[in-house]
Peer 1: 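Please find one structure pasted underneath; my questions will follow.
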Amino acid sequence: MMRADVKRLSEAEVINLDRCYAESDRQQGLSRRSQALLAAAGESGPVMGWYVIRVATNGEKAVEESLSHVGIECWRPMEKRLRKAPHAKRQVVFNVPVFPGYLFVRVINKDATWSGILSLEGVLSVLGGNGGPVMVREAKLLEFKKKLGEKSTDKDVVEAAFPIGAEVLIEQGPFRSFTGVIESVIEEQTATVLVEIFGRSTPVELSLAQITKRD
């Protein structure tokens, strides 16, 4: 009877656990080293402050979610703007980043913090100078947040873009190239414009996508 050829334990190949973990972590998109560094970056303490990091184009949301997941407080300033909707013939209000490519983070200013944050995919750098990362004063941040909140509704944005009494140019429809004056805005999508037709001011209802405010 033949005996199975079994290697002794002392002759067996050593398994590289670090390599195994690394392969597994790569599948999850984050190495163990990065996980440890990010965990350190998320530590809280009495000397925490707000700093600004630069991220890859259109990567603000993904980086914010990754940092928030490890307990790092982030702020991505957003504001409402009026623009034409894709594949639609009307203007709608969108939330857009105030500073595309940048995020505010509240952390402790130490080497482990920045090593962890910079190890994250999508993070490019930390804003600073010769003295290291520059902290943003809390009072300045609160002042800026208040200013952003002054125009926080769709109605506010539309009224700011098309105030009553503003002169507009009609760019689409049967009254194209005519000018007029905004009399009212209806449901943040339509405006009543007074257009001079045959010597008389006539109210015409137009979508916001059909008109442009004249400077």
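Counting from 1, the numbers follow the sequence of the chain as shown.
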Peer 1: With sequence neighbours excluded, what pairs up with Thr202 under the side-chain hydrogen bond (donor to acceptor under 3.5 Å, both in side chains) test?
Peer 2: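 Here no residue qualifies.
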Peer 1: Without swapping roles, check the side chain of Gln210 against the backbone of Ser207 for a donor-acceptor pair under 3.5 Å.
Peer 2: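 Indeed, once roles are kept as given, a pair shorter than 3.5 Å links the two residues.
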Peer 1: Between Val185 and Phe162, which heavy-atom pair has the shortest distance, and what is it?
Peer 2: CG2-O, 3.7 Å
Peer 1: According to side-chain hydrogen bond (donor to acceptor under 3.5 Å, both in side chains), does anything in residues 53-64 pair up with another residue at least two apart or in another chain? List the pairs.
Peer 2: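 Those involving residues 53-64 are Arg54-Ser125, Glu64-Arg76.
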Peer 1: Given the rule that I, L, V, M, F, W and Y join up when any side-chain heavy atoms are under 4.5 Å apart, are Leu118 and Val105 in one cluster?
Peer 2: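 Leu118 clusters together with Val105.
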Peer 1: Could you check if a side-chain atom of Thr190 sits within less than 4.5 angstrom of a side-chain atom of Leu208, using non-hydrogen atoms only?
Peer 2: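 Side chain of Thr190 against side chain of Leu208, heavy atoms only: no contact under 4.5 Å found.
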Peer 1: Which value, rounded to the nearest 0.5 Å, describes the distance between His69 atom NE2 and Leu120 atom CG?
Peer 2: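 Taking NE2 in His69 and CG in Leu120, the distance rounds to 11.5 Å.
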Peer 1: Out of curiosity, Met48 CE to Ile108 CD1, how far, rounded to the nearest 0.5 Å?
Peer 2: 6.0 Å
Peer 1: Can you sort out the partners of Glu79 under side-chain hydrogen bond (donor to acceptor under 3.5 Å, both in side chains), two or more places apart, ordered by chain and number?
Peer 2: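 Glu79 satisfies side-chain hydrogen bond (donor to acceptor under 3.5 Å, both in side chains) with Arg81 once adjacent residues are dropped.
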Peer 1: Would you call Thr113 and Tyr51 a side-chain contact if the rule is heavy atoms closer than 4.5 Å?
Peer 2: no
Peer 1: Give the cluster check for Leu194 versus Ile182: same hydrophobic cluster or not, with ILVMFWY residues linked at side-chain heavy-atom distances below 4.5 Å.
Peer 2: no
Peer 1: Tell me, please, which residues at least two apart from Leu127 pass side-chain contact (heavy atoms from CB on, under 4.5 Å).
Peer 2: Val52, Tyr102
Peer 1: For the residue pair Cys74 and Trp50, what are the closest heavy atoms and their distance?
Peer 2: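 Here Cys74 and Trp50 meet closest at C-CZ3, 4.2 Å.
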Peer 1: Just jot down the side-chain hydrogen bond (donor to acceptor under 3.5 Å, both in side chains) partners of Ser68, sequence neighbours excluded, or say none.
Peer 2: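 Ser68 satisfies side-chain hydrogen bond (donor to acceptor under 3.5 Å, both in side chains) with no other residue.
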Peer 1: I need the minimum non-hydrogen distance between Val168 and Lys213, along with the two atoms involved.
Peer 2: CG1-CA, 3.9 Å
Peer 1: Should Leu169 and Val204 be regarded as members of a common hydrophobic cluster, given that ILVMFWY residues are connected when their side-chain heavy atoms come within less than 4.5 Å of each other, either directly or indirectly?
Peer 2: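 Hydrophobic grouping puts Leu169 apart from Val204.
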Peer 1: Could you name each residue pair satisfying salt bridge (charged side-chain N to carboxylate O under 4.0 Å, His left out) that touches residues 195-207, not counting sequence neighbours?
Peer 2: none
Peer 1: For residues Asn109 and Pro133, report the shortest heavy-atom separation together with the two atoms involved.
Peer 2: OD1-CG, 3.9 Å
Peer 1: Are Val63 and Leu124 linked, directly or through other ILVMFWY residues, by side chains that come within less than 4.5 angstrom of each other?
Peer 2: no
Peer 1: Work out which heavy atom in Ile164 is nearest to a heavy atom in Glu183; give both atom names and the distance.
Peer 2: CG2-O, 3.6 Å
Peer 1: For Ser184, give me all partners under side-chain hydrogen bond (donor to acceptor under 3.5 Å, both in side chains), at least two apart in sequence or on another chain.
Peer 2: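 side-chain hydrogen bond (donor to acceptor under 3.5 Å, both in side chains) list for Ser184, sorted by chain: Thr192.
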Peer 1: Could you work out, with ring pair (Phe, Tyr, Trp, His ring centres under 6.0 Å) as the rule, every residue matching Phe99, not counting sequence neighbours?
Peer 2: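 For Phe99 the ring pair (Phe, Tyr, Trp, His ring centres under 6.0 Å) partners, ignoring immediate neighbours, are Phe144.
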Peer 1: Hydrophobic clusters here meaning ILVMFWY residues chained together by side-chain heavy-atom distances under 4.5 Å, can you tell me if Phe198 and Val193 are in one?
Peer 2: yes
Peer 1: Just jot down the side-chain contact (heavy atoms from CB on, under 4.5 Å) partners of Arg176, sequence neighbours excluded, or say none.
Peer 2: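 Once residues adjacent in sequence are excluded, Arg176 has no partner under the side-chain contact (heavy atoms from CB on, under 4.5 Å) criterion.
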Peer 1: Which residues satisfy the salt bridge (charged side-chain N to carboxylate O under 4.0 Å, His left out) test with Glu73, sequence neighbours excluded?
Peer 2: Arg106
Peer 1: Roughly how far apart are Phe175 CZ and Ile197 CD1, rounded to 0.5 Å?
Peer 2: 4.0 Å
Peer 1: Can you tell me if Ser66 uses its side chain to pair, donor with acceptor, with the backbone of Ala62 under 3.5 Å?
Peer 2: yes
Peer 1: Which distance, rounded to the nearest 0.5 Å, do you find between the OG1 of Thr179 and the CD of Glu167?
Peer 2: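 Reported to 0.5 Å precision, the distance equals 5.0 Å.
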Peer 1: Quick one, Ile117 and Ile72 - any side-chain contact, counting heavy atoms below 4.5 Å?
Peer 2: yes
Peer 1: Can you sort out the partners of Phe104 under ring pair (Phe, Tyr, Trp, His ring centres under 6.0 Å), two or more places apart, ordered by chain and number?
Peer 2: Trp75
Peer 1: Looking at every non-hydrogen atom in both residues, tell me the closest pair between Gly129 and Val134 and how far apart they are.
Peer 2: N-CG2, 4.1 Å
